[in-house]
Amino acid sequence: MFWADKIAAKMDGEQVVNDSKTPSGRVHVGSVRGVIIHDVIYRALKRAGKPVKFLYGADDYDAFDSVPPQLDRDRFESYLGYPLCNVPSPEDSASDYANYYMGEFLEVFKYLGVRPQVYYLRDLYREGKLDRHIDIFLKNAHLVREAYLEVSNAKRADNWYPFQPICENCGKIATTVTTDYNGKEVFYTCDPDATNYTQGCGHSGWVSPFGGNGKLPWKVEWVAKWDVLGVTLEWAGKDHSQKGGSRDVANAICRRVLEKNPPVHAPYEFILVGGTKMSSSKGVGASAKEMSELLPPELLRFLMLRTQPKTAVNFSPDYETLTRLFRDYDTLMEKYDRESDSGVPELTKDLVSLYYSQVDEAIATFYPFDTSTLISLLQVPHLDIKQEIENRSDRPLTANDWKYLDRRIRVAQKWLEDYADPDEKLILYFDAVPDRVRELTAEQTTYLERLADALEGVENWEGETLQTAIFSTAKALPIAPKLAFPAVYAAFLGKERGPKAGNLLSYLEKSFAIDRLRDAATLASNE
């Protein structure tokens, strides 16, 4: 069974799956993994016939703690410490900062076919839906302090209360410290030294903690959300799931104060870009928006789901990683296509459906044109890319084929424009033989001459046939492949490496390719 189906099989009764995000800046692609993990659990529960809801929260009452590097620091620095929903939007398209970045993230949800019920913490606080829990935690502050100390060894002062008002004087929430509660109001101070990124104004006074006048610390708030929303399952990233970490503290508060069991939990690993964990507020790593603009939805889901949740996903949008991802997905779909005529095994069908972006969309296979070939073809001057794809396809292409092929063309174009390193780009020398061939050895020069002769007899001018000819010529000479292939690349690209050599020649007119090999050999032999 798929891991999500195993979870669904064990759960009884109505389920509420929850996940959330603090919209502190452009959301990094790492946060998409949690979204898709919770979405696939939700789908598995639905498929198992269990009543289930999927909720996703915007933690927009959290403090604005840093200015992302892409924003004007002078404009936003004065809002540090404010609730995110009280910070102005970077653009006029949204009402506030939190709405702007959450809205961008929700567009990625839509792209991926993720359809949760979305809620905003500002609404839970301002509409009084958390008031009862605020009162409970304030009255039981001693139990909350005990949980912090016993689980994470974090000592809270005897007069510390789990609530942060919005300062009535300066509007900050990050700097306020509550030290008393009389059952109706809390006493707080806006402490100048409460954080290292902004200063409190020093104001103090009594204020009601209800109706959106402030917030619970997020570990306590987590517990309140579980209870108010009826959450039965919520996983967390590895950083929050360490022994004595955030989730352990929240679990202890839930049991100790509310006397209830916390939701089902398991940790999941991060998605790394080039081996580095990403931070949305610091602008490190690829954003979810940028990655959704590069990868089609089914490939982005596949990237997140192909490994177990406890295994880190390491993705770097370089040539090798990108093209291998597409090949692996095509292998899965080809297996599905082969087995569909004789009745697809349920496991295969379920796996493919989980990778699909639209939960209600019928699975339709398509012609899996190689992405690495597309990247190369797009760099050949004056080439009609769609006609070339038609010419290379072994069957007539349908409208459904073109739906997916058009996506892949866009991926290849986007990768070339925004991600490809100069040495990853295919620069064909059409007008002159590259000077690089002057560095070839006599052995390599002879190989180019023999290869030109061999190619004269090739009738089927396509990648695999040409690759066989390239290998056969090297073996007959003999010359080591590590010397033969660089000679071919030198003749056409002026460098030692390139795409699959047979494919490279297949992009070119036969007569041009043969003439170039001979001209290169002549130039090399004259040195």
Side-chain angles (χ1 to χ4, degrees), residues 16 18 20 22 55 57-63 81-86 119-152 154-169 171-191 194 200 203-232 234 246-263:
V16 178
N18 184 65
S20 63
T22 299
L55 308 179
D59 293 343
D60 57 348
Y61 242 42
D62 287 358
Y82 278 51
L84 287 164
C85 58
N86 291 352
Y119 63 91
Y120 291 78
L121 269 186
R122 73 179 82 179
D123 298 328
L124 296 187
Y125 278 113
R126 293 171 180 174
E127 293 171 9
K129 293 178 180 178
L130 291 171
D131 285 354
R132 185 174 72 86
H133 288 78
I134 291 170
D135 181 58
I136 290 171
F137 289 120
L138 286 171
K139 286 178 177 175
N140 292 277
H142 62 292
L143 297 179
V144 177
R145 293 194 289 265
E146 288 174 6
Y148 273 97
L149 181 62
E150 292 180 15
V151 176
S152 63
K155 174 69 174 173
R156 295 289 187 270
D158 292 342
N159 64 345
W160 176 87
Y161 283 79
F163 190 77
Q164 291 179 279
I166 299 172
C167 180
E168 300 160 286
N169 183 55
K172 295 178 182 179
I173 200 169
T175 52
T176 55
V177 179
T178 295
T179 53
D180 201 359
Y181 178 54
N182 63 16
K184 293 183 178 180
E185 294 180 314
V186 293
F187 185 82
Y188 76 96
T189 300
C190 189
D191 186 351
H203 176 79
S204 62
W206 290 89
V207 67
S208 168
F210 308 122
N213 287 337
K215 73 184 294 293
L216 297 162
W218 79 268
K219 294 170 191 174
V220 184
E221 179 182 83
W222 208 357
V223 179
K225 284 197 298 180
W226 292 339
D227 203 36
V228 168
L229 301 173
V231 177
T232 60
E234 181 171 353
S246 306
R247 182 59 189 250
D248 279 356
V249 172
N251 288 349
I253 293 170
C254 187
R255 293 188 177 103
R256 189 176 297 243
V257 179
L258 299 185
E259 298 181 345
K260 295 181 179 181
N261 287 324

Colleague: Answer yes or no: is there a side-chain heavy-atom contact under 4.5 Å between W218 and L121?
Modeller: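 W218 does not reach L121 side chain to side chain.
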Colleague: Before giving the answer on side chain to side chain contact (heavy atoms under 4.5 Å, CB included), spell out for F210 and K184 the whole-Å C-alpha distance, their side-chain angles and the decisive distance to 0.1 Å.
Modeller: CA-CA 9 Å; F210 308 122; K184 293 183 178 180; 5.7 Å; no
Colleague: Indicate whether the side chain of Y125 and that of E221 have a donor and an acceptor atom separated by less than 3.5 Å.
Modeller: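 There is such a pair between these side chains.
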Colleague: Is a donor on one side and an acceptor on the other found under 3.5 Å between the side chain of R122 and the backbone of D60?
Modeller: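 No, R122 side chain to D60 backbone: no donor-acceptor pair under 3.5 Å.
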Colleague: Would you say the side-chain atoms of R247 and N251 include a donor-acceptor pair closer than 3.5 Å?
Modeller: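 N251 and R247 do have a side-chain donor-acceptor pair below 3.5 Å.
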Colleague: Please answer whether the main-chain N or O of T175 pairs with a side-chain N or O of D191 as donor and acceptor at a distance below 3.5 Å.
Modeller: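 Here the side-chain-to-backbone pair does not exist.
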Colleague: Output, in order, the C-alpha distance, side-chain angles, deciding distance and verdict of side chain to side chain contact (heavy atoms under 4.5 Å, CB included) for F137 and L258.
Modeller: CA-CA 9 Å; F137 289 120; L258 299 185; 4.3 Å; yes
Colleague: Is the side chain of R145 donor-acceptor paired with the backbone N or O of D158 at a distance under 3.5 Å, no angle test?
Modeller: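 Side chain of R145 to backbone of D158, a donor-acceptor pair under 3.5 Å: yes, one is there.
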Colleague: Check the pair K225 / L55 against side chain to side chain contact (heavy atoms under 4.5 Å, CB included), numbers first and verdict last.
Modeller: CA-CA 11 Å; K225 284 197 298 180; L55 308 179; over 6 Å; no
Colleague: Would you compute the distance between atom OG1 of T176 and atom CD of Q164 and round it to the nearest 0.5 angstrom?
Modeller: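 Rounded to the nearest 0.5 Å, the OG1-CD separation comes out at 5.0 Å.
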Colleague: Of all the heavy-atom pairs spanning V223 and A250, show the shortest one and how long it is.
Modeller: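 Smallest interatomic distance, heavy atoms only, reads CG2-O, 3.2 Å.
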Colleague: Rounded to the nearest 0.5 Å, how far apart are CG of L124 and CD of E127?
Modeller: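 Interatomic distance, L124 CG to E127 CD, rounded to 0.5 Å: 7.5 Å.
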Colleague: Could you state the interatomic distance from CD1 (I253) to CG (L216), rounded to the nearest 0.5 Å?
Modeller: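 It comes to 9.5 Å.
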Colleague: Counting C-beta onward and ignoring hydrogens, is there a side-chain heavy-atom pair between F163 and V207 closer than 4.5 Å?
Modeller: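 Of all side-chain heavy-atom pairs linking V207 with F163, none is under 4.5 Å.
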Colleague: Could you tell me which non-hydrogen atom of G211 sits nearest to which non-hydrogen atom of D131, and how far apart they are?
Modeller: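 Looking at all heavy atoms of both residues, the shortest contact is N-OD1, 3.1 Å.
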Colleague: Can any side-chain N or O of T178 pair as donor or acceptor with the backbone N or O of Y161 at less than 3.5 Å?
Modeller: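 Between the backbone of Y161 and the side chain of T178 there is no qualifying donor-acceptor contact (under 3.5 Å).
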Colleague: Roughly how far, to the nearest 0.5 Å, is the CG atom of L143 from the CZ atom of R256?
Modeller: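 R256 atom CZ to L143 atom CG measures 7.0 Å (nearest 0.5 Å).
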Colleague: Of all the heavy-atom pairs spanning G81 and A63, show the shortest one and how long it is.
Modeller: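 Smallest interatomic distance, heavy atoms only, reads O-CB, 4.1 Å.
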Colleague: Do NZ/NE/NH1/NH2 and the carboxylate oxygens of K215 and D62 come within less than 4.0 Å?
Modeller: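 Looking at K215 and D62, the cut-off is met.
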Colleague: Can you measure from OG1 (T22) to CG (D59) and round to the nearest 0.5 angstrom?
Modeller: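 If I round to the nearest 0.5 Å, the distance is 4.5 Å.
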Colleague: Any heavy-atom pair between the side chains of C254 and W226 that's under 4.5 Å?
Modeller: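 Answer yes - side chains close enough.
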Colleague: If you round to the nearest 0.5 Å, how far is CG of D135 from OH of Y181?
Modeller: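 Rounded to the nearest 0.5 Å, the OH-CG separation comes out at 3.5 Å.
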Colleague: Answer yes or no: is there a donor N or O on one side and an acceptor on the other, between the side chain of N213 and the main chain of S208, under 3.5 Å?
Modeller: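 At least one qualifying donor-acceptor pair exists.
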Colleague: Is any side-chain heavy atom of I166 closer than 4.5 Å to a side-chain heavy atom of P83?
Modeller: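 Yes - at least one pair of side-chain heavy atoms lies under 4.5 Å apart.
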Colleague: What verdict does the side chain to side chain contact (heavy atoms under 4.5 Å, CB included) test give for V151 and K219, after you've listed the backbone C-alpha separation in whole Å, the side-chain angles of each residue and the deciding distance to 0.1 Å?
Modeller: CA-CA 12 Å; V151 176; K219 294 170 191 174; over 6 Å; no
Colleague: Find out whether S20 and W222 are in side-chain contact, i.e. whether some heavy atom of one side chain is under 4.5 Å from a heavy atom of the other.
Modeller: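 Answer no - side chains too far apart.
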Colleague: Less than 4.5 Å apart, any side-chain heavy atom of R126 and any of C85?
Modeller: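 SC-SC contact between R126 and C85 confirmed.
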Colleague: Can you tell if the side chain of L138 reaches within under 4.5 Å of the side chain of P162, non-hydrogen atoms only?
Modeller: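 Answer yes - side chains close enough.
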